[in-house]
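These numbers come from a predicted model, not from an experiment.
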Amino acid sequence: MEKITNKTKGVHCFTVKLFKDDVEEIISLLSEMSPEVIIEDGENRYSSLEELISTRGITPPKIAIRVYTPYYISLDVSKTNVWLYGSVSDKNAFYAFEKIMAILKRRRILISRILNPIVVGVSYTLLLFLIIIIPVDIIKAWIPNRVVRLCVVLPLFLSSSLSFLLSIFMQMGFFSRLELIKSHESKNFVIRQKDDIIKIIIGAIIGAAITIIVNLFKRP
């Protein structure tokens, strides 16, 4: 009997936005375990990250970073896909794999965190439940016009269905982006603080929705 040691692991990752310092950190990690780190963009192979930037600019549509020896690890990032694959039988390879995964998690965009299929599915179920349990008379009293009622309810269902589809795409890495400048060099305040701004907006929307529901049930 011989123990199998050539174990591999593949992860189809979520939507991320990677900066130059993230890519440099990934290359550094792989350089520690392999004499050759391959940098590609689907068309060309580059001797360094700087060569890729000088050829393709700071927002290349795709980047692939790979090592083949002594163990295989590959990270592919494009606008429609984020894929991390590699051997994890060796402790050094496993360490590099997990560190790269941690970098990807760190750069996961906020809307990808929020639009999780489970979260969206639960929200959709809750919406259906609320519509079912709220008495029709209360709904008619609150929104007497049938057309207005339709204009309120229909967008809720459409947005929920769209959110569910979007959440599935984002779990696969759709809408990922590479911006090969340092993370602290983002162009303006809005870009740097966009995650916090989205949090504030979503919090305000949730707060308003809860207030409306509470007031609805308080009505005689």
J.: Find out whether Phe175 and Lys79 are in side-chain contact, i.e. whether some heavy atom of one side chain is under 4.5 Å from a heavy atom of the other.
T.: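 No - every pair of side-chain heavy atoms lies 4.5 Å or more apart.
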J.: Under the salt bridge (charged side-chain N to carboxylate O under 4.0 Å, His left out) test, which residues partner Glu36, sequence neighbours left out?
T.: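 With neighbours one apart ignored, the set is empty.
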J.: Which atoms form the tightest heavy-atom contact between Lys20 and Lys182, and what is the distance?
T.: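 Shortest heavy-atom contact: CB-N, 4.0 Å.
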J.: Measuring from atom CD1 of Ile53 to atom CG of Leu180, what distance do you get when rounded to the nearest 0.5 angstrom?
T.: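 It comes to 4.5 Å.
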J.: Quick one: closest heavy-atom pair of Ser78 and Ser176, and the distance?
T.: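 Nearest pair, atom of Ser78 first, then Ser176: O-CB, 3.4 Å.
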J.: If you measure from CG on Leu29 to CZ on Phe97, what distance do you get to the nearest 0.5 Å?
T.: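 It is 13.0 Å, given to the nearest 0.5 Å.
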J.: What closest approach, in Å, do Pro70 and Ser34 show between heavy atoms, and which atom pair accounts for it?
T.: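 In terms of heavy atoms, the two residues are closest at CD-CA, 4.3 Å.
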J.: Going from OG1 on Thr55 to CD on Glu43, what distance comes out if it is rounded to the nearest 0.5 angstrom?
T.: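 One finds 11.0 Å between OG1 of Thr55 and CD of Glu43.
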J.: What pairs with Phe94 under side-chain contact (heavy atoms from CB on, under 4.5 Å), at least two apart in sequence or on another chain?
T.: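 Residues passing side-chain contact (heavy atoms from CB on, under 4.5 Å) with Phe94: Val88, Glu98.
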J.: Restricting to side-chain hydrogen bond (donor to acceptor under 3.5 Å, both in side chains), what partner residues turn up for Asn92, sequence neighbours left out?
T.: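 Partners of Asn92 under the side-chain hydrogen bond (donor to acceptor under 3.5 Å, both in side chains) test: none.
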J.: Can you run down the side chain to side chain donor-acceptor pair (under 3.5 Å) pairs that involve residues 58-70, sequence neighbours left out, and say none if there aren't any?
T.: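 Sorted pair list: Glu40-Arg66, Arg66-Ser74, Arg66-Asp76.
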J.: With rounding to the nearest 0.5 Å, note down the distance linking NZ in Lys99 to CG in Leu30.
T.: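 One gets 12.5 Å once the value is rounded to the nearest 0.5 Å.
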J.: How close do Ser48 and Ile39 get, heavy atom to heavy atom, and via which atoms?
T.: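 What the structure gives for the nearest pair is C-CD1, 3.8 Å.
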J.: With the 4.5 Å side-chain cut-off for hydrophobic clustering, are Ile38 and Leu75 part of the same group?
T.: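 No, no single cluster joins them.
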J.: Between CZ of Phe19 and CD of Glu24, what distance do you get to the nearest 0.5 Å?
T.: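 Result: 13.0 Å between the selected atoms.
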J.: Under 4.5 Å between side-chain heavy atoms, counting indirect links through other Ile/Leu/Val/Met/Phe/Trp/Tyr residues: same cluster for Val82 and Met101 or not?
T.: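 Linked, Val82 and Met101 end up in one cluster.
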J.: Test of understanding: with side-chain contact (heavy atoms from CB on, under 4.5 Å), list the residues that count as partners of Ser28, not counting sequence neighbours.
T.: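 Glu32.
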J.: How many angstroms lie between atom CD1 of Ile58 and atom CG of Leu178, to the nearest 0.5 angstrom?
T.: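 Between Ile58 CD1 and Leu178 CG, I get 11.0 Å after rounding to 0.5 Å.
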J.: Keeping Ser54 on the side-chain end and Glu51 on the backbone end, is there a donor-acceptor pair under 3.5 Å?
T.: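 Pair found, side chain donor or acceptor close to backbone of Glu51.
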J.: Does the pair Ile27 and Ile65 meet the rule for a side-chain contact (heavy atoms from CB on, under 4.5 Å), with working shown?
T.: CA-CA 7 Å; Ile27 293 172; Ile65 306 169; 4.2 Å; yes
J.: Counting C-beta onward and ignoring hydrogens, is there a side-chain heavy-atom pair between Ile26 and Val37 closer than 4.5 Å?
T.: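 The answer is no, as the side chains (C-beta and beyond) never meet within the 4.5 Å cut-off.
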J.: Could you pull out all residues at least two apart from Tyr85 that satisfy side-chain contact (heavy atoms from CB on, under 4.5 Å)?
T.: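 Tyr85: side-chain contact (heavy atoms from CB on, under 4.5 Å) contacts with Thr8, Tyr72, Trp83.
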J.: Is Asp22 salt-bridged to Arg107, going by a charged N under 4.0 Å from an acidic O?
T.: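 Salt bridge: yes.
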J.: Once ring pair (Phe, Tyr, Trp, His ring centres under 6.0 Å) is applied, do any residues pair with Phe14, and if so which ones, sequence neighbours excluded?
T.: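 Ring pair (Phe, Tyr, Trp, His ring centres under 6.0 Å) check on Phe14 returns nothing, list empty.
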J.: Taking side-chain contact (heavy atoms from CB on, under 4.5 Å) as the test, write out the residues that go with Ala93, two or more places apart.
T.: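 By the side-chain contact (heavy atoms from CB on, under 4.5 Å) rule, Ala93 matches Met33, Tyr71, Ile73, Asp90.
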J.: Which heavy atom in Arg56 sits nearest to a heavy atom in Asp41, and how many Å separate them?
T.: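 Smallest heavy-atom distance, with atoms named: NE-OD2, 3.0 Å.
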J.: Can Glu25 and Ile103 be said to form a side-chain contact (heavy atoms from CB on, under 4.5 Å), step by step?
T.: CA-CA 9 Å; Glu25 186 176 353; Ile103 293 170; 3.6 Å; yes
J.: For a 4.5 angstrom cut-off between non-hydrogen side-chain atoms, does Arg108 reach Arg106?
T.: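 No, too far: nothing below the 4.5 Å cut-off.
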J.: Kindly indicate, with the supporting measurements, whether the criterion side-chain contact (heavy atoms from CB on, under 4.5 Å) is fulfilled by Leu49 and Ile63.
T.: CA-CA 10 Å; Leu49 183 60; Ile63 189 171; 4.2 Å; yes
